[in-house]
Amino acid sequence: MQHFEQSVYNLIVETSTNLPGDVRKVIQAAQEAEDRATRAGLSLSTIATNIEMAETNVSPICQDTGMPTFIVHTPVGANQIIMKQQIRSAIARATKDGKLRTNSVDSLTGSNTGDNLGPGTPVIHFEQWEKEDVDVRLILKGGGCENKNIQYSLPAEIEGLGKAGRDLDGIRKCVMHAIYQAQGQGCSAGFIGVGIGGDRTTGYELAKQQLFRHVEDTNPIPELQQLEEYVMENANKLGIGTMGFGGAVTLLGCKAGVMNRLPASFFVSVAYNCWAYRRQGVLLNAESGEIKEWIYPSGSDTPMKLAAADAAAEAVTEQAERREVVLNTPISEEQIRSLKVGDIVIINGEIHTGRDALHHHLMSHDAPVDLNGAVIYHCGPVMLKDEAGWKVKAAGPTTSIREEPYQGDIIKKFGIRAVIGKGGMGAKTLAALQEHGGVYLNAIGGAAQYYAECFKNVNGVDFMEFGIPEAMWHLQTEGFAAIVTMDSHGSSLHAEVEKDSFAKLAQFKEPVFK
Ligand SMILES: O=C(O)C[C@H](O)C(=O)O
Ligand code: SF4
């Protein structure tokens, strides 16, 4: 097994940087289905470009490289203790090389271990089988989409859909609601794994296991095949679209599995995965540990480029028609008040990253830099340091709604004019934007390579003690494009899409499966 560790390292790098062919195909199909002149269409071409960039740069597709979760099948008698040690060293090495973000955080102290190792991380499941080879599969599922997982206990009264019983039709309602409640916050268009039955723990596990299925496969259980087909036919009618901007494509895949349950329990667990659906696998020679074959089609065989170049050309034409405003930091109130939902903003100058730990801190402390007229970017980047200093390796937006309890107060306290993130924010922030004169700018979630290119220099960093993702990075920025989705006049695209999709959810109320 001398090559085992290297093979696992290669698997990690491939999973983080090269989206598999079956996933790429459905993203391409979404591009075809979506009107390219819309916000959703433009976002999909950015996503396609980002997928290509990650492959070329051998850098993370999305900065959130998730909870590394391995499922390993070994021949009887194989030494699992050594395998576990080697998986852990491969994880630490991939982290050091900037292929994974430092994602393992002490839940009590908040300190980041810095190497992705710690109690519970990475997750490794072993299973023995009677074959000769070792099968290692890995999924990197990010925190934003993980937060949109949901579990239902039937029978239940489901918001917008009424009564859901302990039958296939009740399950159908849970799944439709799960897609609705994710809105754009899990970086739609997404994939869902559904686990029917089990207990609360095994139900979620079953849901996540479904994400290891091939996108094109067919469910062998007729009822579940029917369910999957129904969901694929109907989910897009919710109109949530890419990043929750509204649009024709909301869901890219649905896979359901079933297991027995206790008489008293009936759980339906849904694992939501963003478009950055990073999972791969390798079959290894059990003697040498060398890779014999890859389990999922390689992304390199399905280039996004044609589609990306084509769409980019159209996007240029489109941008000529769309209002585009260039803003240099610090930004004045007058400039902000002139912006409306739908405008595209291009930001130049220094901006500052800030997410959960920073927002909490700023509630009761001063800021280390002047934030008057500033732009805060909800982002936890992948950073690497060499002799020349820090470099941004991947830097897409994080889900903004987590900052909802703080954002309005912080905007007013420090005089911030723009907040960049994804998925939108709530009523409290909207009111603060209106009162103080601020905007919320939505960037494309997961497009971490695309945005990393906009950061020309790392001017400085504060709060390194929060760990790399949570630190406050001061970034010299050029040409960062984002869409105004909440303005200073009380308009919010997110509130609109949520309201529209809720109205559309009601069409799925009547029973379908008897
Ligand atoms: O932690 C992050 O960088 C992003 C997260 O995956 C999110 O979707 O909010
Ligand atoms: S930022 Fe979006 S694409 Fe990246 S892990 Fe989170 S949900 Fe997925």
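If you read the sequence from its start, that first residue is 1, and numbering goes on from there. Note that the structure is a prediction, hence the values are computed from the model and not measured. All ligand and atom numbering here is 1-based and tracks the order in the structure.
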(request) May I ask whether Gly186 has any heavy atom positioned less than 4.0 angstrom from an atom of ligand 2? (result) yes

(message) Please confirm whether the ring centroid of Tyr377 lies under 6.0 Å from the ring centroid of Phe480.
(response) yes

(request) List the closest protein heavy-atom neighbour of atom 9 (O) of ligand 1: residue, atom name, distance to the nearest 0.1 Å. (result) Thr399 OG1, 2.4 Å

(request) Determine whether Val249 and Leu252 make a side-chain contact, defined as any pair of heavy atoms from C-beta on separated by less than 4.5 Å. (result) yes

(request) Check each atom of ligand 1 against the heavy atoms of Arg402 and keep those under 4.0 Å away; list them by number with element. (result) 9 (O)

(message) Would Lys422 count as a contact residue for ligand 2, given that I'm defining contact as a non-hydrogen atom of the residue lying under 4.0 Å from a ligand atom?
(response) yes

(request) Please confirm whether Gly396 comes under 4.0 Å of ligand 2, counting heavy atoms of the residue only. (result) no

(message) Quick check on Gly143 - does any of its heavy atoms sit under 4.0 Å from an atom of ligand 1?
(response) yes

(request) Ignoring hydrogens and angles, tell me if any N or O in the side chain of Thr329 forms a donor-acceptor pair with the backbone of Ile331 under 3.5 Å. (result) no

(request) Look up atom CD1 in Ile87 and atom OG in Ser7, then write down how far apart they are to the nearest 0.5 Å. (result) 11.0 Å

(request) Note the single closest protein heavy atom to atom 4 (Fe) of ligand 2, along with its residue, its atom name and the distance in Å. (result) Cys62 SG, 2.3 Å

(request) Give the atoms of ligand 2, by number and element, whose distance to some non-hydrogen atom of Asp64 is under 4.0 Å. (result) 5 (S)

(request) Identify, for atom 1 (O) of ligand 1, the protein heavy atom at the shortest distance, and state residue, atom and that distance. (result) Arg101 NH2, 2.9 Å

(message) Check the orientation of Tyr440 and His378. Use parallel for under 30°, tilted for 30 to 60°, and perpendicular for over 60°.
(response) tilted

(request) Would you mind listing which atoms of ligand 1 come within a distance below 4.0 Å of any non-hydrogen atom of Arg355? (result) 1 (O), 2 (C), 3 (O)

(message) Tell me if a side-chain donor or acceptor on Asn50 pairs with a main-chain N or O of Gln449 at a distance below 3.5 Å.
(response) yes

(request) Identify, for atom 8 (O) of ligand 1, the protein heavy atom at the shortest distance, and state residue, atom and that distance. (result) Lys422 NZ, 2.7 Å

(message) Just checking His125 against Phe70, ring centres under 6.0 Å apart?
(response) no

(request) Could you find the nearest protein heavy atom to atom 2 (Fe) of ligand 2 and give me its residue, atom name and distance? (result) Cys187 SG, 2.3 Å

(request) Write down the atom of Asn442, the atom of Gly423, and the distance for their closest heavy-atom approach. (result) OD1-N, 3.2 Å

(request) Identify, for atom 8 (Fe) of ligand 2, the protein heavy atom at the shortest distance, and state residue, atom and that distance. (result) Cys274 SG, 2.3 Å

(request) Please lay out, stage by stage, how Lys391 and Lys385 fare under the test side-chain contact (heavy atoms from CB on, under 4.5 Å). (result) CA-CA 6 Å; Lys391 290 269 160 354; Lys385 198 177 190 176; over 6 Å; no

(message) Taking a cutoff of less than 4.0 Å between a non-hydrogen atom of the residue and any ligand atom, is Arg278 in contact with ligand 2?
(response) yes

(request) Say whether Gly144, considering both its backbone and side-chain N or O atoms, lies within less than 3.5 Å of an N or O atom on ligand 1. (result) yes

(message) Nearest 0.5 angstrom please: Thr398 OG1 to Gln185 CD, how far?
(response) 11.0 Å

(message) Closer than 3.5 angstrom, by distance alone: can the side chain of Thr429 be matched with the main-chain N or O of Met425 as a donor-acceptor pair?
(response) no

(request) May I ask you to identify the nearest protein heavy atom to atom 4 (C) of ligand 1, giving residue, atom name and distance to one decimal place in Å? (result) Thr398 OG1, 3.1 Å

(message) Does the plane of the ring in His177 sit parallel, tilted or perpendicular to the ring in Tyr180? Use 30° and 60° as the thresholds.
(response) tilted

(message) Quick check on contacts: which atoms of ligand 1 are under 4.0 angstrom from a heavy atom of Asp64?
(response) 1 (O), 2 (C), 3 (O), 4 (C), 5 (C), 6 (O)

(message) At less than 4.0 angstrom from any non-hydrogen atom of Ala276, what atoms of ligand 2 do you find?
(response) 3 (S)

(request) Run the numbers for me: atoms of ligand 1, each under 4.0 Å from some heavy atom of Gln63, listed by number. (result) 2 (C), 3 (O), 4 (C)

